[in-house]
Amino acid sequence: MATDPRTPPAEATMDAASLYREEIYTDRQIGTLRVLVPVTADGAPDATRATVYTGDAQIMTNMGPIPISFDIAATNLRDAIAGYADAAQVGIERTM
């Protein structure tokens, strides 16, 4: 169903209570690990919310590379690095 062209678009606003600082780590060989650190509106760490760990990778197909993103169950960077391979496999299987 098409949107009524007479209706003005919704205002694009950010949710100040849901901000994250993004840190990116890579070994420059396999993929990328993203760490989303919760922060308050003034940029201070927000200890009331959990840090989120995600991975990015690519699989090669005959049509070219396909980007894959997946969550990694971890509570710190070391555990996220250790869990990267298993989480990537689940992400690839889900994509296929």
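Treat the numbers as computed from the prediction; the structure is a model and nothing was measured. Throughout, numbering of the chain's residues begins at 1 and tracks the sequence.
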Item to complete: With sequence neighbours excluded, give me every salt bridge (charged side-chain N to carboxylate O under 4.0 Å, His left out) pair touching residues 65-80.
Response: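 Residue pairs with at least one partner in residues 65-80: there are none.
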Worksheet entry | Sequence neighbours excluded, every pair satisfying salt bridge (charged side-chain N to carboxylate O under 4.0 Å, His left out) that has a member inside residues 46-59 |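 Only R34-D56, D46-R49 qualify under salt bridge (charged side-chain N to carboxylate O under 4.0 Å, His left out).
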Practice prompt. Provide the full list of side-chain hydrogen bond (donor to acceptor under 3.5 Å, both in side chains) pairs with a residue in residues 87-96, sequence neighbours left out, each pair given once.
Written response: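 Residue pairs with at least one partner in residues 87-96: Q89-E93.
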When rounded to the nearest 0.5 angstrom, what is the spacing between [atom1] in [X] and [atom2] in [Y]?
X: Y25; Y: Y53; atom1: OH; atom2: OH; value: 8.5 Å
X: T54; Y: F70; atom1: OG1; atom2: CZ; value: 8.0 Å
X: L33; Y: D27; atom1: CG; atom2: CG; value: 10.0 Å
X: L36; Y: T51; atom1: CG; atom2: OG1; value: 8.5 Å

Hydrophobic cluster identity match, [X] and [Y], side-chain contacts under 4.5 Å:
X: Y84; Y: I92; result: yes
X: V35; Y: I30; result: yes
X: I72; Y: I81; result: yes

Fill in: Exercise: identify the closest heavy-atom pair between A74 and A80
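Smallest heavy-atom distance, with atoms named: CB-N, 3.5 Å.
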Item to complete: For the pair E23 and V37, evaluate side chain to side chain contact (heavy atoms under 4.5 Å, CB included) and give the outcome as yes or no after the intermediate values.
Response: CA-CA 8 Å; E23 299 174 356; V37 180; 3.9 Å; yes
Practice prompt. Go through I66 and Q58 one step at a time and tell me if the side chain to side chain contact (heavy atoms under 4.5 Å, CB included) criterion holds.
Written response: CA-CA 5 Å; I66 296 176; Q58 292 183 3; over 6 Å; no
Worksheet item: Are T40 and L19 side-chain neighbours, meaning at least one heavy-atom pair lies under 4.5 Å?
Response: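 The answer is no, as the side chains (C-beta and beyond) never meet within the 4.5 Å cut-off.
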Practice prompt. With the side chain counted from C-beta on, respond yes when Y20 and V39 share a heavy-atom pair under 4.5 Å apart, and no when they do not.
Written response: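 In short, these two side chains do not touch, never coming nearer than 4.5 Å.
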